Amino acid sequence: MQSRNQDVAAHFDARASTYGEPGTWVTDIDVLAPIARVVRIRRPSCVLELGSGSGAVPKYLAGAGLHPLYIGLDISPAMLRRAAGSSRVVGDAAYPPIAAESIDLVIGRQSFHYFNSPMRVLSEVGRVLAPGGSLIVAQITPFDEVEDKNWWKTAIALRQPLRRHRWTAAGLVEAVGRSGFSVECVRHLMSRSSLANWLDRYDISEAARGEVTQHFHSAPDMVRELRDFKVSGLDIEYTIRWTFILANFEGH
């Protein structure tokens, strides 16, 4: 497990200098806005983000006039060095060096697929949340149709082998609910991406690139329709589905 964590840290250290460039999900305003709405309504004094990366969320919140004490926890030191405007902690989300009942809101944005033990992470989220605290999970998930789930899991396995989990929306909701949280709402948001954009963000071999490209071009008709494929040469523009979960901690 420790070796795998080191691999993930090294992967994101290597990507830190270009992470969050315009045109990626990291800085997508449509994806950041739902989080800002919760912060504006709940007015948390202290926010903890698990897998905070280069600090896109606190930067967006500050631009929206929202300034809670923000703690970014990430396994990658190089990523955290880019996250100006927040308190930065290098660490594993399964063992966060955060005091019990000290956080009002925890955010996990596109990070739960890297956790070795997500149920332990959720347990730790419960530990650090103050009474009445909440959790936001924002994760790219496949559509609910079995054919799309299977197609997307294969695409992720080919493209991002360091991922530990390939979450579905239902799987995430179930995991959160089993961890002492009351799920307040689940919402889906659609955004657009392209195959070329997705491939270019990682340093992968030509063989792996070819496998992913072939997988997209041979997608079943139902997947093409669900994701509204727009083919241009070897590139494909397609729809991504985000799942946003807002949950309140029932423990303590």
Side-chain angles (χ1 to χ4, degrees), residues 5 8-9 12 19-20 25-28 31-39 42 44 46-61 68 70-76 79-80 83 86-98 102-130 133-141 156 160 162-189 240-249 251:
N5 283 345
V8 172
F12 282 102
Y19 200 77
W25 68 265
V26 179
T27 54
D28 186 342
V31 176
L32 291 163
I35 296 173
R37 282 197 292 271
V38 173
V39 172
R42 298 290 174 94
C46 187
V47 176
L48 169 66
E49 184 179 3
L50 307 177
S52 57
S54 54
V57 177
K59 290 175 189 174
Y60 182 81
L61 293 179
Y70 202 98
I71 302 172
L73 176 73
D74 203 285
I75 204 168
S76 164
M79 280 288 191
L80 289 174
S86 63
S87 297
R88 293 163 282 185
V89 178
V90 178
D92 185 340
Y95 304 92
I98 305 294
S102 62
I103 306 293
D104 301 305
L105 176 67
V106 174
I107 299 169
R109 189 174 76 119
Q110 196 62 353
S111 56
F112 268 77
H113 52 274
Y114 284 112
F115 298 152
N116 287 311
S117 304
M119 299 308 290
R120 177 178 173 83
V121 171
L122 287 167
S123 176
E124 284 295 290
V125 171
R127 180 185 67 81
V128 304
L129 278 175
S134 300
L135 166 68
I136 296 173
V137 177
Q139 186 77 33
I140 296 172
T141 60
I156 293 299
Q160 294 175 308
L162 281 177
R163 282 197 185 196
R164 180 69 177 82
H165 306 277
R166 300 176 185 100
W167 290 104
T168 62
L172 270 176
V173 172
E174 192 270 340
V176 170
R178 279 199 295 120
S179 301
F181 290 86
S182 174
V183 175
E184 180 174 324
C185 66
V186 180
R187 294 179 179 168
H188 301 293
L189 180 150
I240 289 173
R241 186 177 84 153
W242 282 83
T243 295
F244 286 83
I245 301 169
L246 175 61
N248 306 306
F249 189 57

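One-based numbering along the sequence shown. On a predicted model such as this, the values are computed, not experimentally measured, just so you know. Excluded from the calculations below are hydrogen atoms, water molecules and symmetry mates; all remaining heavy atoms, backbone and side chain alike, are included.
Going from atom CZ of Phe249 over to atom CD1 of Ile103 covers 13.5 Å, rounded to the nearest 0.5 Å. Rounded to the nearest 0.5 Å, atoms CD (Gln139) and CZ (Phe112) are 8.5 Å apart. Once rounded to the nearest 0.5 Å, the distance linking OG1 of Thr243 with CD1 of Ile245 reads 6.5 Å. One finds the CG atom of Asp28 at 8.0 Å from the CH2 atom of Trp242 (value rounded to the nearest 0.5 Å). Atom CG in Leu50 sits 12.0 Å away from atom CD1 in Ile75 (nearest 0.5 Å). Within the model, atoms CG of Leu246 and CZ of Arg42 stand 4.5 Å from one another, a figure rounded to the nearest 0.5 Å.
Residue Pro97 comes nearest to Val89 through the heavy atom pair CG-CG1, 3.5 Å, listed as atom of the first residue, atom of the second, then distance. Taking each heavy atom of Ser111 and Gly51 in turn, the nearest pair found is CB-CA, 4.3 Å. Contact detail for Val57 and Arg109: the closest heavy-atom pair is CG2-NE, 3.5 Å. The heavy-atom pair separating Arg241 from Ala169 by the smallest distance is NH2-CB, 3.4 Å. Here the closest heavy-atom approach between residue Val128 and residue Val106 is recorded as CG2-CG2, 4.2 Å. Between Phe115 and Arg164 the shortest heavy-atom distance is O-CG, 3.5 Å.
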Practice item. For Val31 and Phe244, run side-chain contact (heavy atoms from CB on, under 4.5 Å): C-alpha distance rounded to whole Å, both residues' side-chain angles, the deciding distance at 0.1 Å, then the answer. Key: CA-CA 9 Å; Val31 176; Phe244 286 83; 4.0 Å; yes
Exercise for review: Evaluate the criterion side-chain contact (heavy atoms from CB on, under 4.5 Å) for residue pair Leu122 and Leu135; output intermediate values, then yes/no.
Suggested key: CA-CA 9 Å; Leu122 287 167; Leu135 166 68; 3.7 Å; yes
Exercise for review: Carefully, step by step, assess Ile35 and Tyr60 under the rule side-chain contact (heavy atoms from CB on, under 4.5 Å).
Suggested key: CA-CA 10 Å; Ile35 296 173; Tyr60 182 81; over 6 Å; no
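Between the side chains of Glu49 and Tyr70, at least one donor-acceptor pair of N or O atoms lies under 3.5 Å.
With Asp104 contributing its side chain and Cys46 its backbone, the two residues share a donor-acceptor pair below 3.5 Å. Side chain of His113 to main chain of Trp167: no donor-acceptor pair is present (N/O by atom type, distance under 3.5 Å, no hydrogens or angles). In this structure a side-chain-to-backbone donor-acceptor pair under 3.5 Å is present from Lys59 to Ser54. With hydrogens and angles disregarded, a donor-acceptor distance shorter than 3.5 Å links the side chain of Arg127 to the backbone of Ile98. Judged by distance alone, the side chain of Arg120 and the main-chain N or O of Ala94 form a donor-acceptor pair under 3.5 Å.
Put simply, the side chain of Leu189 reaches to within 4.5 Å of the side chain of Pro34, judged on heavy atoms. Contact of the Leu129 side chain with the Phe181 side chain is registered, since non-hydrogen atoms from C-beta on lie closer than 4.5 Å.
Ring geometry, Tyr19 versus Trp25: the interplanar angle exceeds 60°, so the pair is classed perpendicular (tilted spans 30 to 60°).
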